[in-house]
Amino acid sequence: MSLPGFFDRLEQACPAGSARTIALEPGQVLFRQGDDPPGLLFLTDGQVELVRHTDAGRRVRIHTARKDETFAEASIFADHCHCDAVAAAPSNLRLLPRRLALRAFEARPDLANVFSLHLAQSLMKARRLLELRAITPLTERALARLSDLADAEGALPPEMSLMSIAADLDVTAPALYRAIAVLEQRGQLTRPERGRVRLLSDQSHQTAQSAKPGGRS
């Protein structure tokens, strides 16, 4: 969750000195799937990948936490962590112990309401990713995701990489690049510089919004 001052207000509702700081190097694991939940986490800078391992042995990235966001929030209500958390860049975070965070929510219904709204929005985003992954062919799936992320001028957020988008769509980076090349040939996007794309018209947004899971290949 990225919400100005939320973690600060929650920390103020806890005893002084409750939160501790943690520094991670790239590739360092914060917690593993199955571990006891550490508490509520706030990323002050860097990037942390949340990765789930399926029963079939697949490794699925379910979220990327970025600067000024809380992450793995639902774990404070769980008996164990449902994913790994691995630093994708040098990262610094603050950790508020689970029991203190829950106690603060009981004492501050206003903060609990904000937190509940965030969890609901996160669920909707997760469902959207599942919907996107069902769209075929990949060109339409990629166009739908790019349209979700682009601003009114067709530009993607500066921090959003194509590698991250490939992970969102559960495809390899080369497969996404091939789909982007097709969309460029169609005149639906341009590549102004290496690793960046820009949608060219409202038509691409309309196409993405009308894309349905199980479309024609």
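The two atoms that bring D45 and P90 nearest to each other are OD1-O, 3.9 Å, heavy atoms only. Between A144 and L132, the closest heavy-atom pair is CB-CD2, 3.4 Å. For the pair A142 and L183, the tightest heavy-atom approach, listed with the atom from each and the gap, is CB-CD1, 4.4 Å.
A donor-acceptor pair is defined here as one N or O able to donate and one able to accept, closer than 3.5 Å; such a pair exists between the side chain of Q33 and the backbone of H53. No donor-acceptor distance shorter than 3.5 angstrom exists from the side chain of S91 to the backbone of A87, with no hydrogens or angles considered.
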Residues E73, L119; criterion side-chain contact (heavy atoms from CB on, under 4.5 Å); working and verdict: CA-CA 8 Å; E73 301 94 339; L119 292 180; 3.9 Å; yes

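Contact check for N113 versus F105: no side-chain heavy atoms found under the 4.5 Å cut-off. Looking at V48 and T64, their side chains never come closer than 4.5 Å, going by heavy atoms from C-beta outward. Within the 4.5 Å cutoff, no side-chain heavy atoms of R191 are placed close to those of R196. With a 4.5 Å cut-off on side-chain heavy atoms, L93 and F71 count as touching. P37 is listed as a side-chain neighbour of R98, based on a closest heavy-atom distance under 4.5 Å. Side chains of C81 and P38 form a contact here, defined as non-hydrogen atoms less than 4.5 Å apart. The side-chain heavy atoms of V60 and T54, taken from C-beta on, include a pair separated by under 4.5 Å. Contact annotation: the side chain of F115 never approaches that of L111 to less than 4.5 Å [non-hydrogen atoms, C-beta and beyond].
Cluster membership check: L162 shares its hydrophobic cluster with L129, using side-chain heavy-atom separations under 4.5 Å among Ile, Leu, Val, Met, Phe, Trp and Tyr. One hydrophobic cluster, built from ILVMFWY side chains closer than 4.5 Å, holds both L10 and F77. Placement of L30 and I62 within a single hydrophobic cluster is found when ILVMFWY residues are connected by side-chain heavy-atom separations under 4.5 Å, directly or transitively. The same ILVMFWY cluster, assembled from side-chain heavy atoms under 4.5 Å apart, contains both M160 and L143. Transitive grouping of hydrophobic side chains (ILVMFWY, heavy atoms separated by less than 4.5 Å) keeps L43 and V51 in distinct clusters.
The distance from the CD1 atom of I76 to the CZ atom of R99 is 13.5 Å, given to the nearest 0.5 Å. Here the straight-line distance linking atom CZ of R128 with atom CG of D148 works out to 4.0 Å at 0.5 Å rounding. Between D79 atom CG and D36 atom CG the span is 9.0 Å, to the nearest 0.5 Å. Annotation: the span from L41 atom CG to T70 atom OG1 amounts to 8.5 Å, rounded to 0.5 Å. The structure places SG of C83 at 4.5 Å from CZ of F31, a figure rounded to the nearest 0.5 Å. Within the model, atoms OG1 of T44 and CG of N92 stand 4.5 Å from one another, a figure rounded to the nearest 0.5 Å.
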Can I get a per-line list of side-chain donor-acceptor pairs under 3.5 Å for residues 163-177, giving both atom names and the distance, sequence neighbours left out?
residue, atom, partner, partner atom, Å
S164, OG, R61, NH1, 3.1
S164, OG, R66, NH2, 3.4
D168, OD1, R61, NH2, 2.1
D168, OD2, R145, NE, 3.3
D168, OD2, R145, NH2, 2.9
D170, OD1, R58, NH2, 2.8
D170, OD2, R58, NH2, 2.7
T172, OG1, A175, N, 3.2

Identify every side-chain donor-acceptor pair in residues 12-20 under 3.5 Å, counting partners at least two apart or on other chains, and give the distances.
residue, atom, partner, partner atom, Å
S18, OG, P15, O, 2.4

Would you tabulate the side-chain donor-acceptor contacts of residues 21-28 under 3.5 Å, counting partners in other chains and residues two or more places apart, or write 'none'?
residue, atom, partner, partner atom, Å
Q28, OE1, E25, N, 3.0

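Using a 4.0 Å cut-off between a side-chain N of Lys or Arg and a carboxylate O of Asp or Glu, E140 and R186 qualify as a salt bridge.
Within the structure, no pair that satisfies the ring-ring contact (aromatic ring centres under 6.0 Å, His included) test touches residues 122-171, not counting sequence neighbours.
Every residue meeting the ring pair (Phe, Tyr, Trp, His ring centres under 6.0 Å) condition with H82, not counting sequence neighbours, appears here in chain and number order: H80. Under the side chain to side chain donor-acceptor pair (under 3.5 Å) criterion, D8 pairs with R94, sequence neighbours left out. Not a single side chain to side chain donor-acceptor pair (under 3.5 Å) links R52 to another residue, sequence neighbours left out. Residues meeting the side-chain contact (heavy atoms from CB on, under 4.5 Å) test with R32, sequence neighbours left out: V29, D35, D84. Applying the side chain to side chain donor-acceptor pair (under 3.5 Å) test to R198 and every residue at least two apart in sequence or in another chain returns nothing. For D110, the side chain to side chain donor-acceptor pair (under 3.5 Å) criterion is met by R108, not counting sequence neighbours. Listed by chain and number, the residues in a side-chain contact (heavy atoms from CB on, under 4.5 Å) with A101 are L40, L96 (sequence neighbours excluded).
Residue L123 is found outside any hydrophobic cluster, as its side-chain heavy atoms come under 4.5 Å of no other Ile, Leu, Val, Met, Phe, Trp or Tyr.
Using a 30° and 60° split on the angle between ring planes, F7 and F42 fall in the parallel class, below 30°.
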